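What follows is a short report on a single structure.
Note that this is a predicted model, so its numbers are computed, not measured.
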Amino acid sequence: MSAVLAVDIGGTKLAAALVEPDGRVTAQDRAPTPNAPGVDGEELWRALEALLAKVAAGAGEPPLAGVGVGCGGPMTWPAAEVSPLNIPAWRGFPLRERLRARYPGLPVRIHNDAVCVAIGEHWLGAGRGHDNVLGMVVSTGVGGGLMLGGRLVNGASGNAGHIGHVIVEPGGPPCGCGGRGCLEAVARGPGLVAWAREQGWRPVGADATGVELTEDARRGDPVAGAAMRRAGRALGIAIASATHLCDLEVAAIGGGLSQAGRLLFDPLEEAFGEHARMEFARRLRIVPAELGQTAGLVGAAALVYAQDRYWSAG
């Protein structure tokens with residue numbers, strides 16, 4: 001069987017790869033997301049086209065089984081007119097239509113990027129062998145996807161699993177969705193950096209990132225450490241709420257901020273233990289995403305390879 005061209009579209013990077021039927025990721029490449037003020041939707045589309053052409057050329061222009069994409073949400077589904085909160089240049093951008101025109105005759109399937117992480121982890125990663133899995137991305141934004149009864153849950157509009165907009169701090173910081181106190185507003189990387197600066201953190205560079213914040217926390221900086229505890233506790237509260245609602249077996253957490261390791265997972269597990277009081281909820285296993293940074297690409301490919309479980313639309 002031919003490979004799937006898999007794409008992962010995020011607020012900071014575009015990634016593309018060929019994914020084989022067994023989930024092996026080959027011919028992978030990435031590029032920064034053109035996301036500066038003033039960038040328009042067509043400029044972003046051209047950057048994506050260039051990356052896809054580069055990956056295909058590097059692999060010798062092989063035949064494809066289809067195109068699978070994970071993109072930040074929200075979006076209309078399955079039409080995939082995308083409006084990622086962390087990519088202002090795309091509002092109602094017809095991504096699936098554009099890709100169908102570029103790859104005529106091939107199945108083109110697009111879902112939320114965090115949904116693709118959940119799919120990847122259920123198919124081949126930390127959730128393999130389990131029917132009830134929450135997959136999460138904690139990075140520029142915070143998103144999630146739900147597997148219940150062994151199948152992807154889409155919800156009424158394809159946006160089920162948006163755990164990033166569960167309220168964890170009523171009246172808390174403003175969120176890009178228009179609400180306040182959402183998990184994403186508290187725990188996403190740029191939000192943590194902004195909070196730490198307000199508390200007196202002084203990074204070395206002017207353009208500080210979650211990576212620099214994590215490194216300072218590892219070196220013992222008290223404010224950076226407090227920021228990681230803040231994120232971890234918010235995640236623990238949200239996951240406790242999710243498993244009480246959905247009776248989950250595994251929560252797999254990926255994305256850049258998950259690379260902080262115990263700095264994030266220790267306060268997460270502490271808060272989860274405080275808030276998950278029902279016996280069935282306490283059986284949940286919270287683990288790092290096993291597929292690491294390729295989880296979204298693998299999950300995007302599974303939209304084509306394992307459509308019986310992960311794709312219910314046309």
Side-chain angles (χ1 to χ4, degrees), residues 8-13 33 35-37 39-41 44 69-96 110-118 134-146 152-198 209-210 227 230-242 244-246 251 253-258 268 271 296:
D8 186 9
I9 298 171
T12 57
K13 63 104 174 68
T33 302
N35 209 8
V39 170
D40 65 19
L44 179 52
V69 182
C71 182
M75 68 178 69
T76 62
W77 185 88
E81 293 181 354
V82 301
S83 303
L85 292 180
N86 57 357
I87 306 179
W90 276 355
R91 289 293 174 267
F93 186 82
L95 182 59
R96 193 180 188 201
I110 301 176
H111 225 310
N112 184 280
D113 57 352
V115 168
C116 288
V117 169
L134 169 66
M136 295 183 66
V137 174
V138 186
S139 186
T140 309
V142 178
L146 277 171
L152 175 67
V153 176
N154 293 302
S157 64
N159 287 292
H162 247 307
I163 193 169
H165 300 284
V166 168
I167 304 301
V168 295
E169 190 178 306
C175 182
C177 72
R180 299 189 72 92
C182 296
L183 173 61
E184 178 166 297
V186 174
R188 75 188 192 104
L192 281 182
V193 167
W195 181 86
R197 285 185 181 278
E198 291 172 1
T209 65
R230 175 177 167 80
R233 290 193 60 82
L235 287 161
I237 292 168
I239 293 170
S241 297
H244 279 117
L245 181 65
C246 298
I253 303 175
L257 201 64
S258 70
L268 189 165

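For residues 160-190, the set of pairs meeting the ring pair (Phe, Tyr, Trp, His ring centres under 6.0 Å) definition, not counting sequence neighbours, comprises His162-His165. Listed by first then second residue, pairs satisfying salt bridge (Lys or Arg N to Asp or Glu O under 4.0 Å) with a partner in residues 153-165 number zero, not counting sequence neighbours. Applying the salt bridge (Lys or Arg N to Asp or Glu O under 4.0 Å) test to pairs two or more places apart or on separate chains, none has a residue in residues 134-146. Sequence neighbours left out, the pairs with a member in residues 154-182 that pass salt bridge (Lys or Arg N to Asp or Glu O under 4.0 Å) are Glu169-Arg230. Residue pairs meeting the side chain to side chain donor-acceptor pair (under 3.5 Å) criterion with at least one partner in residues 79-93, sequence neighbours excluded, do not occur; the list is empty. Judged as a ring pair (Phe, Tyr, Trp, His ring centres under 6.0 Å), not a single pair has a partner in residues 168-190 (not counting sequence neighbours).
Taking both residues in full, the closest heavy atoms of Met136 and Val117 are given as O-CG1, 3.9 Å, listed atom of the first, atom of the second, then distance. Gly296 and Cys116 make their closest contact through O-CB, 3.6 Å (heavy atoms, listed as atom of the first residue, atom of the second, distance). Of all heavy-atom pairs between Ala89 and Leu44, the closest is CB-CD2, 4.5 Å. Residues Leu257 and Ala231 approach most closely at CD2-CB, 4.3 Å, considering heavy atoms. Between Leu134 and Ala242, the shortest heavy-atom contact is CD2-CB, 4.3 Å.
Applying the side chain to side chain contact (heavy atoms under 4.5 Å, CB included) rule to Ser139 yields the partners Val137; only residues at least two apart in sequence or on another chain are considered. Residues satisfying the side chain to side chain contact (heavy atoms under 4.5 Å, CB included) criterion with Ala160, sequence neighbours excluded, are Val153. Checked against side chain to side chain contact (heavy atoms under 4.5 Å, CB included), Val115 has the following partners two or more places apart in sequence or in another chain: His111, Asn112, Ile119, Leu152. In terms of the side chain to side chain contact (heavy atoms under 4.5 Å, CB included) criterion, residue partners of Asp8 (sequence neighbours excluded) are, by chain and number, Lys13, Ala15, Asp113, Leu297.
Taking the side chain as every heavy atom from C-beta outward, Met75 and Leu95 never approach each other to under 4.5 Å. Contact of the Pro84 side chain with the Ile9 side chain is not registered, since no non-hydrogen atoms from C-beta on lie closer than 4.5 Å.
Under a 3.5 Å cut-off, the side chain of Asn35 and the backbone N or O of Gly11 do form a donor-acceptor pair. Under a 3.5 Å cut-off, the side chain of Arg96 and the backbone N or O of Ile110 do not form any donor-acceptor pair.
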Which atom pairs, one a donor and one an acceptor, fall under 3.5 Å between side chains of residues 182-195 and the rest of the protein, sequence neighbours left out?
| unit_1 | atom_1 | unit_2 | atom_2 | d |
| --- | --- | --- | --- | --- |
| Glu184 | OE1 | Val142 | N | 2.9 |
| Arg188 | NH1 | Thr140 | O | 2.9 |

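For the atom pair CG of Leu146 and SG of Cys246, the computed distance is 5.0 Å after rounding to the nearest 0.5 Å. Within the model, atoms CG of Leu268 and CD1 of Ile239 stand 4.5 Å from one another, a figure rounded to the nearest 0.5 Å.
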